[in-house]
Trainee: 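Structure provided below as structure tokens; questions to follow.
So that the names make sense, note that chain A is the first sequence line, chain B the second, and so on, each numbered from 1.
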2 protein chains.
Amino acid sequence: MKNSFSDIYSLLQELAWHFGDHGINGECCEDLSLVEFMALKAAYENDNFTIQDIGSSINFTKSGATRIIDRLETKGYVKRERSLSDGRVCCVPVTDKGAQVISQIIKKNTNYVEELLQDLEPQAIDNIKIAMEILIKAMKRQDIIKSKSL
Amino acid sequence: MKNSFSDIYSLLQELAWHFGDHGINGECCEDLSLVEFMALKAAYENDNFTIQDIGSSINFTKSGATRIIDRLETKGYVKRERSLSDGRVCCVPVTDKGAQVISQIIKKNTNYVEELLQDLEPQAIDNIKIAMEILIKAMKRQDIIKSKSL
DNA sequence: TTACATTAGTTGACACCGTCAACCAATACT
DNA sequence: AGTATTGGTTGACGGTGTCAACTAATGTAA
């Protein structure tokens, strides 16, 4: 049983490496690094996300977040808009071009996953999905526990 | 069904992020970055691995590999040894200290996974393991196909 | 044996990237 | 009004991987 955990860890490690910075997602798409993609996705999925929100959602300092938004802005994927209710905060709406690039990346990677798994039984595919959902749920719960204990 | 693939992709993305450079493994252990850990692990698991072997196993150029080995060497985790049969190649044996740090990291992360999953039924844990093995097997097969088609 | 080609590894210059600390401007507190 | 706080930006910096040029060892062929 103990051994199962270490197997799972090493499998996770391998998966993470493959889908991380240095694997298929290193190039990600056109002109986005993985970090930039994650930031863009965060902005895309959360209306009125501020720069610091984006930073903390990807574990960066606020100056790091500023720099990433700089890059995304010069690439035309987001805009900076001062909040009307509070002149300090910057909201970062995603432009049409940004939304387009996001969905393009997601589509491409979804296709990749489909290629990977196409030969499996529907049942097996579902099992994979369920297994990963359980894992991620456990991960998130753990995060909450850790953040409380600080 | 199509939708399952996109779900799985996004779950994979999340997992990879969590276990990647910026998540729990960003700090990895003591004084190793994730990249360094992967290189050290590659050297550890393969006897007589050369510097370029290590580089290609983590998708780096040979000069990148040299730099990583530099760091691992100054930290005392590997040694450089010219091959006796070919004076050009460097083998990179892992020192005792290196082996120790590797097993320490693996242990720590195994514990983390155990913490995550301890409340699950043994059956569920096994399912997770099986699901991930299938995924990785598919991944590797795909890699081979891709490398052949180049 | 000499001359040329190839291969493993190293190094200097460089560009990219995220952090830190100092800073500015807007808002909140009293 | 005056001070403290907060969101965001910027300059300086250190860390890191690449590229191209290099050295040294090996292979090849006359």
Trainee: Of the non-hydrogen atoms in A/Gln100 and A/Ser103, which two are nearest, and what is the gap between them?
Mentor: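 Distance-wise, the nearest heavy atoms are O-OG, 3.1 Å.
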
Trainee: Could you check whether the rings of B/Trp17 and B/His22 sit parallel, tilted or perpendicular, using 30° and 60° as the cut-offs?
Mentor: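 Because their plane-to-plane angle is under 30°, the rings of B/Trp17 and B/His22 count as parallel.
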
Trainee: Do any side-chain nitrogens or oxygens of B/Gln52 fall under 4.0 Å of OP1 or OP2 in C/dG9?
Mentor: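 For B/Gln52, the contact criterion (side-chain N or O under 4.0 Å from OP1 or OP2 of C/dG9) is met.
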
Trainee: Using 4.0 Å as the upper bound for N to carboxylate O, is an ion pair formed by B/Arg80 and B/Asp70?
Mentor: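 Salt bridge flag = yes for B/Arg80 with B/Asp70.
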
Trainee: Distance check needed: D/dG7 P versus A/Asp53 CG, whole Å only.
Mentor: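 That distance rounds to 9 Å.
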
Trainee: Between B/Asp86 and A/Ile69, which residue's closest nucleotide on DNA chain D lies nearer the 5′ terminus?
Mentor: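 Upstream on the strand: A/Ile69.
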
Trainee: Counting only heavy atoms not in B/Gln118, do more than 12 fall under 6.0 Å of its CD?
Mentor: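 Atom CD in B/Gln118 is crowded, with more than 12 foreign heavy atoms closer than 6.0 Å.
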
Trainee: 5'-most contact on DNA chain C: B/Thr50 or A/Leu84, nearest heavy atom basis?
Mentor: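 Looking at the nearest nucleotide for each, B/Thr50 comes out on the 5' side.
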
Trainee: Nearest whole Å is fine: how far is C/dT19 P from A/Ile51 CD1?
Mentor: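 Atom CD1 in A/Ile51 sits about 14 Å away from atom P in C/dT19.
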
Trainee: Salt bridge (Lys or Arg N to Asp or Glu O under 4.0 Å): which pairs involve residues 39-56 of chain B, sequence neighbours left out?
Mentor: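 Sorted pair list comes back empty.
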
Trainee: Looking only at side-chain N and O atoms, does A/Thr66 come under 4.0 Å of OP1 or OP2 in D/dG8?
Mentor: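 No, no such contact exists.
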
Trainee: Do A/Lys62 and A/Thr50 make a side-chain contact, defined as non-hydrogen atoms from C-beta onward lying under 4.5 Å apart?
Mentor: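 With C-beta onward as the side chain, the pair stays apart.
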
Trainee: Just by distance, with hydrogens left out, do A/Tyr77 and A/Glu73 show a side-chain donor and acceptor under 3.5 Å apart?
Mentor: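 The criterion, which ignores hydrogens and geometry beyond distance, is not satisfied for A/Glu73 and A/Tyr77.
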
Trainee: Could you run through nucleotides 15-24 of chain D and give me one letter per nucleotide, 5' to 3': B if any protein heavy atom sits under 4.0 Å from the base, S if only the sugar-phosphate is that close, - if neither?
Mentor: -SSBBB----

Trainee: For the CD1 atom of A/Ile128 and the CG atom of A/Leu117, what is their distance to the nearest 0.5 Å?
Mentor: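 Rounded to the nearest 0.5 Å, the CD1-CG separation comes out at 5.0 Å.
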
Trainee: Determine whether B/Lys137 and B/Ile134 satisfy the following criterion, side-chain contact (heavy atoms from CB on, under 4.5 Å), listing intermediate values before the conclusion.
Mentor: CA-CA 5 Å; B/Lys137 216 170 102 190; B/Ile134 292 174; 5.8 Å; no

Trainee: Let me test you: for the helix from C/dT1-D/dA30 to C/dT30-D/dA1, what is the angle between the axes at its two ends (five pairs each), rounded to 10 degrees?
Mentor: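 Between the first-five-pair axis and the last-five-pair axis there is 10°.
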
Trainee: Give the rounded distance in Å between these two atoms: CG of B/Leu72 and P of C/dT10.
Mentor: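 Atom-to-atom, B/Leu72 to C/dT10, this comes out as 13 Å.
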
Trainee: Atom CG of A/Asp31 to atom P of C/dC17: distance rounded to whole Å?
Mentor: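 Spelled out: CG on A/Asp31 to P on C/dC17 is 11 Å.
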
Trainee: Please confirm whether the shortest side-chain N or O distance from B/Arg80 to OP1 or OP2 of C/dT10 is below 4.0 Å.
Mentor: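 B/Arg80 to C/dT10 OP1/OP2: side-chain N or O found under 4.0 Å.
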
Trainee: Taking atom P of C/dG12 as reference, at what distance in whole Å does atom CG of B/Asp70 sit?
Mentor: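 B/Asp70 atom CG is separated from C/dG12 atom P by 11 Å.
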
